[in-house]
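All values below come from the heavy atoms of this structure, side chains included, with hydrogens, waters and symmetry mates left out. Predicted model, so just to flag it, every value in this text is computed and none were measured.
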Protein chains: 2
Amino acid sequence: MSISQAKNQHSGTISPEIALLGFLMAGPCHGYDLHQRFVIELGNVWHLSQSQAYAILKRLENKGDAFARLVEQDKLPARQMLRISAAGRQRFMNWLAKGCGSNARSIRLEFLTRLYFSNLYTPDNTGQIYSAQSIEIKNSINRLENMMTHLPPDQAYNRLSLDLRLRQMKLIQEWMEEIKTQFNITTEETP
Amino acid sequence: MSISQAKNQHSGTISPEIALLGFLMAGPCHGYDLHQRFVIELGNVWHLSQSQAYAILKRLENKGDAFARLVEQDKLPARQMLRISAAGRQRFMNWLAKGCGSNARSIRLEFLTRLYFSNLYTPDNTGQIYSAQSIEIKNSINRLENMMTHLPPDQAYNRLSLDLRLRQMKLIQEWMEEIKTQFNITTEETP
DNA sequence: TGCGATATACTCATTGAGTGAGTATATCGC
DNA sequence: GCGATATACTCACTCAATGAGTATATCGCA
């Protein structure tokens, strides 16, 4: 337990799935377009190939988070219009409200994605999302520091790894401070 | 292209596979023990569950990187003794000599693993491995800075993501400086 | 004496990540 | 009228990762 690429700290696996669902929140859309938007808007946050996008959309459909409807076009090939379901909407909103993971990668991916969609759909909640993330990071730092002190002194490589992770967390704290000013986020938390 | 969890920058996927092969370099061993050693030595670098370890070992066998031999025990259940093959040995040594990836995670994983095994098997080459990694990091920083300057100004989230990645790379540079002194690494490269 | 915890040593089923190539049509510039 | 690019997907494959299940042996302890 407690390690790096253990992706899901509490909940589901961290994947662009939820972000695709987020784009579907804006209204019905089809695979090609969703992928395009995704790449333009969040292409430097996540990497998502076209085929992977289609695979994920198919999964959303199977889960019942979206419905597909085939739309014929007289010239171009038919396309699957996707519409988010009530369940999908619910799942997305739940995810949006939640504090996310505690490793560097999942913060870059999930937190930025939350920020993006929160600004779009629930701008009043952005402060809360920010605060939740800050707390997660503090906890993570405490955990890592604790692990450091309990690590046998001969474990040089494990120590280096923990050391790097700890530094990364502290770096993320600084980075988040700048986001705070950039996005004009106000928090009532104790700083 | 060029994104975060695009795991394989040049070569194969980044996975504990190569590390397991590294442990096999020390001599024949069986799954249970390999996993134990792995967790003790590099448990804070990689996460590797037991079942995943077995799956990877099976793959190594299928690839021809290792041979298995069933060894009966009179009390405990029989076990598969694994012995690395010439091909496996070759593959591992090639990997060891190579400069590795350019994202934060793959550096923590791959570079630390290289360092670990280099100190065990080829201590004279550790300096070269270190240098190769330093160069990769510098290149990565240049790439990221370049992407930053070419990013359209409205792309706030993509910018934040790149910004964090850039900071992380610079952090890793500092972290590597400490490794250099800790491991007494000397390089003839221009600093 | 016997009970439960722990260690040894694996197997299996399932879900999901991710790539890369393939398919087919339409439009646009030259 | 030719090739590049855009639209809109599909398919086959490999690998990651979890979690539960199986079976035996040993050790402490009450």
Please enumerate all residues that pass ring pair (Phe, Tyr, Trp, His ring centres under 6.0 Å) together with A:Phe117, with sequence neighbours excluded. A:Phe23, A:Phe92, A:Tyr121
B:Asp33 CG to C:dA7 P, straight-line distance once rounded to whole Å: 14 Å
Each base of DNA chain C marked ( ) or [ ] if paired in-strand (Watson-Crick or G-U under 3.5 Å), | if paired to another strand and . if unpaired gives ||||||||||||||||||||||||||||||
Less than 4.0 Å between a side-chain N and a carboxylate O, is that true for B:Arg105 and B:Glu110? no
Give a yes/no on whether any side-chain N or O of A:His47 is located under 4.0 angstrom from OP1 or OP2 of C:dT19. yes
Measure from CZ on B:Arg79 to C1' on D:dA23 and round the result to the nearest Å. 16 Å
Can you tell me if the side-chain N/O atoms of A:His30 get under 4.0 Å from OP1 or OP2 in D:dT7? no
Whole-Å gap separating C1' (C:dG18) and CZ (A:Phe38): 14 Å
Considering residues at least two apart in sequence or located in another chain, which fulfil the salt bridge (charged side-chain N to carboxylate O under 4.0 Å, His left out) criterion with A:Arg167? A:Asp163, B:Glu178
Check each residue of residues 48-67 of chain B for a non-hydrogen atom within less than 4.0 Å of any atom in DNA chain C, then write out the ones that pass by number, or none. B:Gln50, B:Ser51, B:Tyr54
Of all residues at least two apart in sequence or in a different chain, which pass the side-chain hydrogen bond (donor to acceptor under 3.5 Å, both in side chains) check with A:Arg143? A:Ser102
Near DNA chain C, under 4.0 Å by heavy atom, which residues of residues 80-95 of chain B? B:Gln80
Taking only residues two or more places apart in sequence, or in another chain, which ones meet B:Asn119 in a side-chain hydrogen bond (donor to acceptor under 3.5 Å, both in side chains)? A:Tyr157
Can you name the residues that form a side-chain hydrogen bond (donor to acceptor under 3.5 Å, both in side chains) with B:Arg83, not counting sequence neighbours? none
In whole Å, I'd like the distance from the NE2 atom of A:His35 to the P atom of D:dC9. 13 Å
Examine D:dC9: is either OP1 or OP2 under 4.0 Å from a nitrogen or oxygen in the side chain of A:Tyr32? Give yes or no. no
Take the protein atom CZ of B:Arg37 and the nucleotide atom C1' of C:dT8, then report the distance between them rounded to whole Å. 15 Å
Please collect all ring-ring contact (aromatic ring centres under 6.0 Å, His included) contacts where either partner lies in residues 125-148 of chain A, sequence neighbours excluded, each pair once. none
By side-chain hydrogen bond (donor to acceptor under 3.5 Å, both in side chains), A:Gln80 pairs with (sequence neighbours left out) none
Please determine if B:Glu145 and B:Lys170 form a salt bridge, counting it only when a charged side-chain N lies under 4.0 Å from a carboxylate O. yes
Only counting residues at least two apart or in another chain, list the ones meeting side chain to side chain contact (heavy atoms under 4.5 Å, CB included) with A:Asp33. A:Cys29, A:His30, A:Arg37
Distance test, side-chain N/O of B:Ser15 to OP1/OP2 of D:dA16, below 4.0 Å: yes
For B:Tyr54, which fellow cluster members are found when Ile, Leu, Val, Met, Phe, Trp and Tyr are connected by side-chain heavy-atom distances below 4.5 angstrom, either directly or through intermediates? B:Tyr32
